[in-house]
Structure formats: structure tokens, C-alpha cells
Asker: 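Handing you this structure, nothing more for now.
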Amino acid sequence: MKYLLTFLFYILTFSFCFPNNTKLIIVSSNAEKYPKYDCKVVASLQQAFDILRMDKDSISTKIILDEGKHLIEKTLVLKDLNKPLAIEAKEKGLSCITGEKLIDKSILRYNDSIISFPHNKEIYKLIVDGKSVSLAASVKQSQPQNMKQFSSFQSELENNTYSAIFEKEEINKMEVGCYVYIYCKWIHYKLKVVSVDEHEQRVYMNGMTVNVNYIKNNKDVYYSICNSRKILQPGTFCNLNDTVYYHSQEDDEFPNIEIRVPHLINLLEISNCKRGILIEGIHFTGAVTNSLMLQEPQAGVNWPQAVVVKKSETVIFDDCEFSNNMGYSINIKNNSEECVIRNCFFHELGCGAIRVGENHYSDETHHITITNNLIKGYGNVNASAVGILVAKANNITVINNTVCDGYYTGISLGWTWGYGKSYSYGNYVANNHIHHLMQCLMSDGAGIYTLGKQEGTIIENNYIHDIVSRVFSAAGSSLIYFDEGTSDVIARNNVCFGSHTGFHEHYGKCNLVEDNVFAYTNQITVRLSNYKMDSLLTVRNNTFIVDCGVAFNPNMVRHGIIDNNKFWSGELIDSINGMRTINDSIKIRMTVKSLYSKNVIKQKFAYG
């Protein structure tokens with residue numbers, strides 16, 4: 001019955017040539033462009049949604065967005081829709097939904113080259129005279145080699161207040177209200193400076209709840225300074241004490257400068273819609289966050305989402321674009337099913353790209369397909385963000401995606417630590433190209449990461465490379481990582497190279513790793529961290545190319561099942577260099593030759 005309904009949805013959404021069945025609405029600021037159309041022309045998306053809500057007669061509805069930016073003043077809400085709906089761009093990529101608003105020039109304040117105005121939301125991008133302006137000292141701009149270590153981090157008597165000693169030159173970059181970003185293992189803390197004792201060189205901060213022991217006992221803790229006027233460069237801005245400060249450039253047009261700023265946390269919310277929705281060719285951009293919402297430092301799970309789908313069925317995003325959103329770009333959750341995200345482009349993101357399921361309570365979101373998407377450049381404000389985060393959800397298919405240029409994990413499955421009840425099972429991750437992640441910044445992540453029991457989950461035919469953490473230890477970086485309690489998972493036919501560890505299992509039960517290629521890991525190729533009496537890890541029929549480090553750690557040798565694996569040394573791997581496309585994985589498997597030059601490996605691990 002479910003598949004019959006899905007089929008009928010496609011028939012209806014692609015049969016809009018029948019006006020008796022379908023209401024056609026065009027959203028355009030220029031109604032004169034459509035004089036002969038048998039349709040309703042409205043000036044805003046909100047008007048189109050109002051018509052949709054009141055319409056009781058039509059069988060289905062199609063909304064076409066004219067070219068240009070469609071500014072919305074409040075979150076667009078589709079709720080309890082009982083008919084199929086299609087929302088399409090007139091021209092792919094040229095119709096943009098954004099929460100930007102024009103700043104009234106009367107509230108602009110000028111101080112030499114600095115322009116300021118009040119704004120109580122956290123934003124990732126500013127639009128000045130139609131051009132996008134970057135946040136000063138975002139994660140992307142604070143390169144790992146430029147980050148600093150501090151000493152004497154401690155908790156103060158007040159709740160969530162901490163202090164640390166900084167170098168004098170770093171204190172000179174700070175001011176009250178700016179942020180200190182702390183990078184510790186897989187956690188990205190964000191603390192606000194509340195006072196500075198310049199004589200003692202001690203800075204007092206508050207905000208998130210910090211695990212002080214992590215900071216004190218870990219040598220690989222680094223920080224960067226963000227949202228301070230003292231680090232502004234021409235063409236950048238900062239958010240400081242509910243005020244935006246922009247450092248103007250020479251070509252800015254004074255006094256006619258036009259500044260637009262995102263102001264909506266959610267752009268679109270779809271709730272309890274079960275007859276099918278197709279959204280095609282739309283660009284979603286400029287969602288913001290409320291700083292009070294950013295208390296969970298791990299994977300950015302509490303950060304808001306630009307587009308939210310909940311309690312809905314057969315919602316399809318096709319050929320859409322998502323950019324410059326502060327939180328995750330899209331979240332499908334709350335028992336939604338049969339939804340699809342395909343052929344979309346995610347880029348320039350403050351947090352992660354796609355999230356499926358909830359993290360804090362049971363969620364039976366299931367049968368979601370994520371395919372043929374490009375995710376590039378995420379975690380630029382929250383470095384612990386994940387490209388595709390599947391939390392408590394099952395039967396999720398993640399295939400043929402490219403995930404790259406992030407600072408933590410690429411694809412993550414599960415949100416249950418240990419062997420407790422898991423809502424994540426039957427997931428399928430295949431044919432993805434995952435590369436250039438962690439970038440010598442975060443740690444304890446992987447190209448593909450799993451957590452908790454995952455019965456029936458298969459990870460196969462993925463191409464994973466260049467996953468390099470700053471930390472050179474068991475909590476460094478892995479190409480595939482089965483973390484706490486991962487059980488009943490098969491990882492097969494993957495080609496993986498360029499990391500500290502190839503495959504890492506923290507602890508788990510009845511996992512199988514077979515027919516993979518693991519190469520150029522500079523520490524351990526296969527690591528089993530904690531052995532338990534009822535655990536069973538089988539590693540068989542794999543090809544290992546080992547030019548440094550060791551193939552197996554002692555726990556794996558003593559307690560794992562190692563069967564019929566092939567080992568090659570670096571002497572045979574010098575003829576094929578620079579492989580970086582999904583098709584290369586086939587060549588690597590067939591030739592078992594040079595995945596990667598040793599000189600490049602040494603450069604990649606310069607901060608490892």
C-alpha cells in the first residue's frame with residue numbers, strides 16, 4: 001500500500017498539465033510576466049502557502065518560484081497538508097528562499113572603517129551590497145597551525161565559569177563578549193569572555209558546560225579567538241554583545257551601502273504532511289542560530305536546522321542547494337518515513353549538512369534515502385559537526401554521496417552508547433566518496449563512524465581517504481570507526497587510505513570486516529581497543545598496504561579473528577599517484593599499487 005501511494009504521488013506531481021486536477025500558483029514580484037497563464041500569481045511565498053491552506057477543491061498543487069531571492073519574514077510552515085504538493089524553481093538554482101532582511105540605514109553606526117548595528121542572532125554570513133561577507137576568524141580561517149595552547153584551565157565557583165592563562169599577544173586580541181573556541185578531541189567548546197585580568201594574564205569565560213578533566217589531562221587542546229573587533233580585517237564581520245560589526249572595504253559605496261542580515265532560525269518546517277511533497281531546484285540560504293541554543297558541544301546535535309521535516313511521509317528534496325546556514329541545513333525526524341534527499345549541493349555551512357532522527361528520545365524515523373549529494377565545506381563555526389548525521393533512525397540508505405572539507409566525521413550512524421536499546425538498525429551506506437576531513441583539527445572521528453547496536457547495517461564500496469586528526473593516538477583519526485557498543489555491522493569492499501588508523505573498533509559484538517583495502521595508516525591498520533568476553537570481531541580477506549606502523553594492535557592479535565588477509569609493503573606501491581575520484585577505488589583494488597605517495601603522507605601528518 002505504501003509503495004502504491006508513493007507511485008500515485010509521482011503521477012500527481014508530474015501531471016500538472018491537467019488544470020482540472022491541479023492548482024497552479026506562481027510566486028513572482030512581477031505579475032505582468034504571466035498574463036496568459038491559467039494560474040494564480042502572488043507576490044510572496046507566504047501568500048502562496050495561505051492559498052494552499054484555504055484551498056479545499058483541488059486534488060494537488062504546484063507552486064513555481066520565479067527567479068531571484070524570495071525574502072521571508074517568518075518561518076514557512078506546511079502542516080497537516082492532505083494533498084500532493086510540488087514547489088519548484090522556474091530555473092534551477094535561480095530561486096532562493098532566505099530569511100535575510102534589509103537593515104534600516106537609520107540604525108547603522110559609523111566609526112572610521114567600522115559599521116555596526118544591533119542584531120541578537122548568531123550569523124555566519126553578512127550580505128553587503130549583494131556580496132557575501134565572512135565571519136572573522138571562523139574555524140575555516142583559524143588554520144590549525146595558527147592555533148594556540150593555553151595553560152592552567154580551571155573551573156571557577158560560579159556555574160559554567162572557567163578561567164585560563166593566555167599569552168599576552170592573545171589577550172591583546174580579546175575583548176569582553178568575544179568567544180574562545182576550544183578544540184578538544186571530538187568536542188568543540190564555545191566560551192564567552194566575561195573579564196580579563198591583564199596583570200595575571202588570566203581570562204574568565206562562561207557558556208557551555210566544560211569537562212575540565214578533558215582540558216587538563218589532554219595536551220592536544222587548542223583554541224582560537226572569534227567575534228572580537230580586534231581581529232577584524234577588511235571585508236569581515238563579527239557578532240559581539242548582540243551587535244554586528246563590519247569592517248568595510250575600499251569599494252563599499254558610502255553612504256548608500258546596503259546591508260542585509262539573516263534573521264530566521266528555521267526557513268521551512270514541514271509537519272504531519274503525508275500525501276507527498278516534492279521540492280525541486282530551490283536554494284535555501286541564510287538560516288541563523290540563537291546562541292542560547294548552542295549548549296551541546298558534540299556533533300552539534302542541538303543546533304537548529306534551516307529546514308525541518310517531522311511526522312511526514314514522502315517528502316522529496318531534489319536538485320536543491322543549501323548554503324550559509326549556521327546550523328544543520330536539513331533534519332528529517334519525529335517518525336518521518338519514505339523521504340528522499342537527492343542531487344543536492346551543500347556548501348559553506350556553519351554546522352553540518354544533513355541530520356536524520358533525534359538524539360534525546362526514541363525516534364522511529366525510517367526508510368530515508370540520501371543519494372547523489374555533494375557536501376563540501378561544513379563545520380566552519382562548529383567544528384564538531386558531521387556531514388551526514390543519522391541519530392536514532394533505521395533503514396536509512398546513504399549512497400553515492402561526496403562528503404569532504406569538514407573538520408570532524410563524514411557519515412555517522414547511531415546515538416546510543418554501549419549495548420542499550422538502539423533505534424538505529426538496517427542502515428545501508430555504500431558508494432560514497434569521503435575525503436579530506438578532520439584536517440588536523442578535531443580527533444576521535446572517522447570517515448564513517450558508528451555507535452551502538454546496528455543490526456543489519458552494511459557499509460560497503462565506499463572510497464575514504466585523507467582523514468587526518470591532530471592527535472596521534474588511539475583517539476586520533478580512523479577511516480572506519482566502530483565506537484562504543486557497535487554490533488552486528490558488516491564493513492566490506494571499501495577502499496580506505498591516509499589516516500592514523502585504518503579500521504578501529506572500540507568495543508562491540510559480532511562485527512565483520514572483509515574484502516577491504518586499507519593502506520597508508522601511519523600508526524595501526526586495524527585496532528581493537530577494548531576486548532570483552534562476548535565480543536567477536538572478524539577481519540578476513542582484506543588487503544593491507546603497510547609502509548609504517550603495524551598491521552594489528554596486541555588486542556586484535558590476541559582476541560580478534562584474523563583470517564586470509566593479504567599484506568603488501570611500500571616497495572610495490574610507487575606507480576599510481578594522485579587517485580582522488582570514486583573510479584580510482586576500482587583501480588586500486590585491481591592493481592594494489594600506489595594509493596598515495598610517501599612524501600604527501602608525511603606532509604599530511606605534519607600536525608599529527
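Predicted model only: the values in this text are computed from it and were never measured. All values below were derived from every heavy atom in this structure, side-chain atoms included, with hydrogens, water molecules and symmetry-related copies excluded.
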Asker: Assess K190 against Y179: is NZ or CZ under 6.0 Å from the centre of the six-membered ring, and within 45 degrees of the ring's axis?
Answerer: yes
Asker: Would you please say whether a donor-acceptor pair under 3.5 Å links the side chains of Q305 and N266?
Answerer: no
Asker: Would you check if there is a donor-acceptor pair between the side chains of N325 and S329 at a distance under 3.5 Å?
Answerer: yes
Asker: May I ask you to check whether S424 and Q454 show a side-chain donor-acceptor distance below 3.5 Å?
Answerer: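 Yes, side-chain donor-acceptor contact under 3.5 Å.
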Asker: Consider only side-chain N and O atoms of S28 and D66, and report whether a donor and an acceptor are under 3.5 Å apart.
Answerer: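 Side-chain D/A pair, S28 to D66: present.
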Asker: For the side chain to side chain donor-acceptor pair (under 3.5 Å) test, which of N462, N431, N372, N373 pairs with N401?
Answerer: N373
Asker: Does some side-chain heavy atom of I72 sit less than 4.5 Å from a side-chain heavy atom of L267?
Answerer: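 The answer is yes, as the side chains (C-beta and beyond) meet within the 4.5 Å cut-off.
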Asker: For a side-chain contact (heavy atoms from CB on, under 4.5 Å) with V356, tell me which candidate from I388, L389, I370 qualifies.
Answerer: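 That would be I370; it is the only one of I388, L389, I370 passing the side-chain contact (heavy atoms from CB on, under 4.5 Å) with V356.
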Asker: For E364, run the side chain to side chain donor-acceptor pair (under 3.5 Å) check against N334, N335, N394 and tell me which one passes.
Answerer: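 Output: one option passes, namely N394.
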Asker: Is it the case that H347 and E321 place a side-chain donor and acceptor less than 3.5 Å from each other?
Answerer: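 Looking only at side-chain atoms, E321 and H347 do form a donor-acceptor pair, the distance falling under 3.5 Å.
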Asker: Answer with yes or no whether the side chains of D405 and Y378 bring together a donor and an acceptor at under 3.5 Å.
Answerer: no
Asker: Indicate yes or no: at least one non-hydrogen side-chain atom of M174 is less than 4.5 angstrom from one of I225.
Answerer: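 Side chain of M174 against side chain of I225, heavy atoms only: contact under 4.5 Å found.
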Asker: Could you check whether any side-chain heavy atom of L268 comes within less than 4.5 Å of a side-chain heavy atom of F284, counting everything from C-beta outward?
Answerer: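 Yes, at least one pair of side-chain atoms sits under 4.5 Å.
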Asker: Any side-chain donor-acceptor pair under 3.5 Å between D318 and N343?
Answerer: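 Yes.
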Asker: Under the criterion side-chain contact (heavy atoms from CB on, under 4.5 Å), which of I265, V288, V381, N227 is the partner of E122?
Answerer: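 That would be N227; it is the only one of I265, V288, V381, N227 passing the side-chain contact (heavy atoms from CB on, under 4.5 Å) with E122.
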Asker: Give a yes-or-no answer on whether the side chains of S134 and T236 include a donor-acceptor pair shorter than 3.5 Å.
Answerer: no
